[in-house]
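Single-structure report; data block below.
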Amino acid sequence: MMNAKPTHTFTNHDVAEHLRLIATLKEIKGEGRFHWLAFRNAADVIDNLPEDVNDIAAAGTLTDLPGVGKGVAEVIEQFLATGDSELAGKLRSQVPVTLVELTEVPGLGAKKVARLWRELGITTLAELKAAAEAHRIRELKGFGAKTEENILKGVALLEQRRHARTPLGVARPQALGLIQALREALPADAITAIEPAGSLRRWKETVGDLDILAITPDPAQVMAAFQQLPQVEEVLLGGETKTRVRLHGGLECD
DNA sequence: TGGCGGTACTG
DNA sequence: CAGTAC
DNA sequence: GCCA
């Protein structure tokens, strides 16, 4: 046999996802902000790394990466070797992993998910949906009828999106079109810089929505122009420095 | 050993 | 004001 | 948890 090759090989993205899993579980568990933030930051670093994390690990220089210290490096090494880590295992024994997907419902963060779990025993999307439909959510202090509706909408959106994420090949041209339209609608000096952000910028193969970031001396002017673009179907939220709209076709854009 | 982004929006 | 999202 |  040739030199023993690992049975599985893991990509930078796999590693990043594992670090994100740890971060989310820690957050739901209620650990202090910076304990889990560190893992999320490290995940972003790994995800954007041009080099193969396997090579870096082999060279023993993981901790040279920004945001990667002793703790994260240990987790990465274990994951590359086994596809899992002690830390993640320990976390999984304390927090149901299925809670992670609840976190993806817009408007639901770790804190609310933790309460839904502890106070209503909700651990899955299906259970969440059922509880909302049975109006059991509004019984919780701080959760009202409105929250319930939003959860229902969010779950529906997630179920829909799950099967209908937009391919980058479709999303990116749309975003670039928006950027160009915005430039044309405004004087040249109104926008210092503008570019795609989020999953678009990270070249993910599919995206859930469009994120566009602009630097401008006059935010209000840009927000107004953005909302009036012909490809905008509905303004969902129009702030002074942030706007969310739904485009024709259903894609949402910030 | 102390700092870690800052802000806007919703309920 | 707390929680969430960017 | 990482960094200065």
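Residue numbers start from 1 in every chain, and the chains themselves are labelled A, B, ... in the order their sequence lines are given, proteins ahead of strands.
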Show the atom names and distances, to 0.1 Å, of all donor-acceptor pairs under 3.5 Å that link a side chain in residues 64-80 of chain A to residues at least two apart or in another chain.
{"residue": "A:Glu74", "atom": "OE2", "partner": "A:Gln78", "partner atom": "NE2", "Å": "2.8"}
{"residue": "A:Gln78", "atom": "OE1", "partner": "A:Glu86", "partner atom": "N", "Å": "2.8"}

Nucleotides 1-6 of chain C: protein proximity per nucleotide (B base, S sugar-phosphate only, - neither; heavy atom, under 4.0 Å): --SSS-
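- Chain A approaches DNA chain D over the interval D:dG1 to D:dC3, counting the first and last nucleotide 5' to 3' with an atom under 4.0 Å from its heavy atoms.
- Salt-bridge annotation for A:Asp211 and A:Arg244: absent, with no side-chain N of the basic residue lying under 4.0 Å from a carboxylate O of the acidic one.
- With a heavy-atom cut-off of 4.0 Å to chain A, the contacted part of DNA chain B has its first and last nucleotide at B:dC4 to B:dG11.
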Which donor-acceptor pairs under 3.5 Å do the side chains of residues 138-148 of chain A make with protein atoms, sequence neighbours left out?
{"residue": "A:Arg138", "atom": "NE", "partner": "A:Glu148", "partner atom": "OE1", "Å": "2.8"}
{"residue": "A:Arg138", "atom": "NH2", "partner": "A:His135", "partner atom": "ND1", "Å": "2.8"}
{"residue": "A:Arg138", "atom": "NH2", "partner": "A:Glu148", "partner atom": "OE1", "Å": "2.7"}
{"residue": "A:Thr147", "atom": "OG1", "partner": "A:Gly144", "partner atom": "N", "Å": "3.2"}
{"residue": "A:Glu148", "atom": "OE1", "partner": "A:His135", "partner atom": "ND1", "Å": "2.8"}
{"residue": "A:Glu148", "atom": "OE2", "partner": "A:Ile137", "partner atom": "N", "Å": "3.2"}
{"residue": "A:Glu148", "atom": "OE2", "partner": "A:Arg138", "partner atom": "N", "Å": "2.9"}

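- Shown here are the side-chain hydrogen bond (donor to acceptor under 3.5 Å, both in side chains) partners of A:Glu119, two or more places apart in sequence or in another chain: A:Arg115.
- Ion pair A:Lys129/A:Glu159 flagged as a salt bridge, since at least one NZ, NE, NH1 or NH2 atom sits closer than 4.0 Å to an Asp/Glu carboxylate oxygen.
- Residue A:Gly144 is classed as having no contact, given no heavy-atom separation below 4.0 Å to the nucleic acid.
- Cluster note: A:Trp36 groups with A:Phe34, A:Leu37 through ILVMFWY side-chain heavy atoms spaced under 4.5 Å, whether in direct contact or through intervening members.
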What donor-acceptor contacts under 3.5 angstrom involve side-chain atoms of residues 174-187 of chain A, with partners at least two apart or in another chain?
{"residue": "A:Gln180", "atom": "NE2", "partner": "A:Glu184", "partner atom": "OE2", "Å": "3.1"}

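- Note on A:Leu65: only backbone sugar-phosphate atoms sit closer than 4.0 angstrom, heavy atoms only; bases stay farther off.
- For A:Glu149, the salt bridge (charged side-chain N to carboxylate O under 4.0 Å, His left out) test picks out no residue, with sequence neighbours left out.
- A:Gln228 meets the side-chain hydrogen bond (donor to acceptor under 3.5 Å, both in side chains) test with no other residue; sequence neighbours excluded.
- Remark: A:Glu195 pairs with A:Arg201 by the side-chain hydrogen bond (donor to acceptor under 3.5 Å, both in side chains) rule, at least two apart or across chains.
- At the heavy-atom level, A:Phe39 lies under 4.0 Å from the strands shown only through sugar-phosphate atoms.
- Residues A:Thr241 and A:Thr147 both approach DNA chain B. Their nearest nucleotides, taken by heavy-atom distance, put A:Thr241 toward the 5′ side.
- Rounded to whole Å, the P atom of C:dC6 lies 24 Å from the corresponding atom of B:dC4.
- Separating the P atom of B:dG5 from that of D:dC3 is a span of 14 Å, rounded to the nearest Å.
- Counting non-hydrogen atoms under 4.0 angstrom, A:Lys141 reaches nothing in the nucleic acid.
- Scored by the salt bridge (charged side-chain N to carboxylate O under 4.0 Å, His left out) test, A:Asp44 finds A:Arg20 as partners (sequence neighbours excluded).
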